[in-house]
Amino acid sequence: MSGERLERIRVNGDVPEHVAVIMDGNGRWARARGLPRHLGHREGMKAVREVVEGAVEAGVRILTLFAFSTENWRRPAQEVSALMGLLQLYARKEGAELRRQGVEVHVLGELQRADATTRDAVNAIVEGTRGGGAMRLNLMISYGGREEILRAARLLVERVEKEGMEPDEIDEGVFADALFTRGLPDPDLLIRTSGEYRISNFMLWQLAYTELHMTDVLWPDFDREDLYEAILDYQGRERRFGRVTVA
Ligand code: IPE
Ligand code: IPE
Ligand code: MG
C-alpha cells in the first residue's frame with residue numbers, strides 16, 4: 001500500500017519541497033474514546049513520528065509542524081502543562097532517532113514564554129540534530145502568525161532608527177528575512193487535519209500561495225498514507241501564482 005502511493009509520488013516527480021501541517025483534533029480523538037484530552041496529545045506524538053519518517057521517505061526537504069500556538073497559552077493550565085511535558089518527552093526521546101535519520105530540528109516561535117525545563121529540552125534536541133542533511137523539521141512552538149509579523153515590524157523599525165536603513169529598502173525579501181522562517185522557501189503544501197477549514201493564525205505571511213489540503217482525519221489517526229494522499233493531491237494541482245497558464 002505504502003509502496004504504491006510512494007511510487008506514484010516518485011513517478012509524478014514534483015515533490016513539495018516544503019510541507020506545513022496544522023496538527024489538529026487530538027482532543028476530539030480522546031473524547032471519542034472517553035479519554036482525557038492529554039491522552040489525545042500523547043497519541044498525537046506517534047503521528048508526528050509517522051509523518052516525519054514518511055516525509056523523509058518521500059523526499060520532502062522541509063517539514064513544518066504547528067505544535068503549540070500563541071493562543072493555546074489560554075487553555076486550562078493543566079492542559080498547557082501536559083502539552084509542555086509532552087514536548088519535553090518528545091525532545092528527550094526522539095533526538096537520537098532523528099539524528100540517525102538525518103533530520104535537523106529547528107524551533108520557531110516565542111520560546112521564551114515556555115518554562116526553563118521545556119526550553120532546555122528543546123534546545124538540546126536542536127543542538128543534538130544540528131547538521132542533519134536529510135530533512136529540516138521546524139517545530140512551531142508558542143507561534144502565532146500575527147505575532148511574528150508584529151515582531152518583524154518592530155525589528156525593522158529598529159533597523160531604520162538605529163542602523164539608518166531607508167524605509168524604501170523594506171521589500172518583500174527584507175520583510176521575509178525578519179520572520180522566524182528567515183531563509184526558508186514558503187510552504188508548497190499546507191495540511192490541516194480534523195475537518196476544520198481555517199488557518200488559525202498559522203504562517204499568515206508565508207501561506208500566500210500555498211496549496212491547501214484539508215482532511216477529516218484526526219491528528220492521532222494521521223499516518224504516512226494520509227501524508228502521501230495529501231502529496232498526491234498537491235501533485236494534481238495547477239499552481240498559477242496569479243498568472244495565466246502558457247498554452
Ligand atoms: C491539536 O489538538 C493540538 C494542539 C492544538 C496543541 P487539539 O487539542 O486542538 O484538539 P481538538 O481540536 O480539541 O480536537
Ligand atoms: C491550531 O489548532 C493550533 C495547533 C495545531 C497547534 P487549534 O485547535 O488551537 O485551533 P482552533 O482553535 O481550532 O482554531
Ligand atoms: Mg483544535
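All residue numbers in this chain count up from 1 along the given sequence.
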Enquirer: Hey, are Glu148 and Arg151 close enough for a salt bridge, meaning a charged N less than 4.0 Å from a carboxylate O?
Expert: no
Enquirer: Dump the intermediate steps for salt bridge (charged side-chain N to carboxylate O under 4.0 Å, His left out) on Glu110 and Arg113, then the final yes or no.
Expert: CA-CA 6 Å; Glu110 308 270 359; Arg113 288 184 68 179; over 6 Å; no
Enquirer: Checking Val48 against Met23 for the side-chain contact (heavy atoms from CB on, under 4.5 Å) test, could you report, in this order, the C-alpha distance in whole Å, the side-chain angles of both residues, the deciding distance, and whether it holds?
Expert: CA-CA 9 Å; Val48 170; Met23 311 185 285; 3.8 Å; yes
Enquirer: Taking all heavy atoms of Ala55 and all of Leu227, pick out the closest pair and write down the distance.
Expert: N-CD2, 3.5 Å
Enquirer: Only pairs at least two apart or in different chains count here, so list each side-chain hydrogen bond (donor to acceptor under 3.5 Å, both in side chains) that has a residue in residues 72-87.
Expert: Arg37-Glu79, His41-Glu79, Ser69-Asn72, Trp73-Ser142, Arg75-Glu79
Enquirer: Can you list the steps and then say if Arg240 with Thr245 is a side-chain contact (heavy atoms from CB on, under 4.5 Å)?
Expert: CA-CA 7 Å; Arg240 287 188 291 273; Thr245 312; 3.5 Å; yes
Enquirer: Does any donor atom in the side chain of Gln101 or Glu57 lie under 3.5 Å from an acceptor atom in the other side chain?
Expert: no
Enquirer: Donor-acceptor pairs are to be reported for all side-chain atoms of residues 159-167 against protein atoms at under 3.5 Å, with residues two or more places apart or in another chain.
Expert:
none

Enquirer: Output yes when a side-chain donor or acceptor of Arg192 lies under 3.5 Å from a complementary backbone atom of Arg198, and no otherwise.
Expert: yes
Enquirer: Decide yes or no on side-chain contact (heavy atoms from CB on, under 4.5 Å) for Leu204 and Ile199, but give the supporting numbers first.
Expert: CA-CA 8 Å; Leu204 296 180; Ile199 300 297; 3.9 Å; yes
Enquirer: Taking atom types as modelled, is there a side-chain donor on Glu71 or Asn201 under 3.5 Å from an acceptor on the other?
Expert: yes
Enquirer: Compare every heavy atom of Asn26 with every heavy atom of Pro220, then report the nearest pair and how far apart it is.
Expert: CD-OD1, 3.3 Å
Enquirer: So if I apply the salt bridge (Lys or Arg N to Asp or Glu O under 4.0 Å) rule between Glu229 and each of Arg8, Arg5, Arg224, which one comes out positive?
Expert: Arg5
Enquirer: For the backbone of Gly54 and the side chain of Tyr228, can you confirm whether one donor and one acceptor N or O come within less than 3.5 Å of each other?
Expert: yes
Enquirer: Given 3.5 Å as the limit, does a donor-acceptor pair link the side chain of Arg28 with the main chain of Ser194, or not?
Expert: yes
Enquirer: Does Trp219 use its side chain to pair, donor to acceptor, with the backbone of Gly25 at less than 3.5 Å?
Expert: no
Enquirer: Is the cationic atom of Arg33 (NZ for Lys, CZ for Arg) positioned less than 6.0 Å from the six-membered ring centroid of Trp29 and within 45 degrees of its normal?
Expert: yes
Enquirer: Do you know the tightest heavy-atom contact between Met135 and Ile62?
Expert: CG-N, 4.2 Å
Enquirer: Quick one: do the Thr70 and Arg146 side chains pair a donor with an acceptor below 3.5 Å?
Expert: no
Enquirer: Spell out, as yes or no, whether a donor-acceptor pair under 3.5 Å connects the side chain of Thr129 to the backbone of Arg99.
Expert: no
Enquirer: For Leu155 versus Ala178, what's the shortest heavy-atom pair and its separation?
Expert: CD1-O, 3.7 Å
Enquirer: Let me have the donor-acceptor pairs involving side chains of residues 82-93, under 3.5 Å, with sequence neighbours excluded, atom names and distances please.
Expert:
{"from": "Gln88", "atom 1": "NE2", "to": "Thr118", "atom 2": "OG1", "distance (Å)": "2.8"}

Enquirer: Verify, without hydrogens or angle tests, whether Glu17 (side chain) and Asp188 (backbone) share a donor-acceptor contact under 3.5 angstrom.
Expert: no
Enquirer: Can a salt bridge be assigned to the pair Arg130 and Glu127 using a cut-off of 4.0 Å between side-chain N and carboxylate O?
Expert: yes
Enquirer: Pair Leu190, Phe202 - check side-chain contact (heavy atoms from CB on, under 4.5 Å), show working.
Expert: CA-CA 10 Å; Leu190 172 75; Phe202 189 49; 3.8 Å; yes
Enquirer: Could you tell me whether the side chain of Asp221 and the main chain of Val217 form a donor-acceptor pair under 3.5 Å?
Expert: no
Enquirer: Could you tell me whether Lys46 and Glu50 have a side-chain N and a carboxylate O separated by less than 4.0 Å?
Expert: no
Enquirer: In sequence, state the C-alpha distance, the side-chain angles, and the governing distance for Arg119 and Asp115, and then conclude on salt bridge (charged side-chain N to carboxylate O under 4.0 Å, His left out).
Expert: CA-CA 6 Å; Arg119 285 201 309 269; Asp115 60 279; over 6 Å; no
Enquirer: Main chain of Asp14, side chain of Gln235: is a donor-acceptor contact present, judged purely on distance under 3.5 Å?
Expert: yes
Enquirer: Test your reading of the model: is there a side-chain donor-acceptor pair from Asp120 to the backbone of Thr117, 3.5 Å cut-off?
Expert: no
Enquirer: Backbone N or O of Met203 within a donor-acceptor pair of the Tyr143 side chain at under 3.5 Å?
Expert: yes
Enquirer: Verify side chain to side chain donor-acceptor pair (under 3.5 Å) between Glu211 and His213, making sure each step is shown before the conclusion.
Expert: CA-CA 7 Å; Glu211 296 297 328; His213 175 91; over 6 Å; no
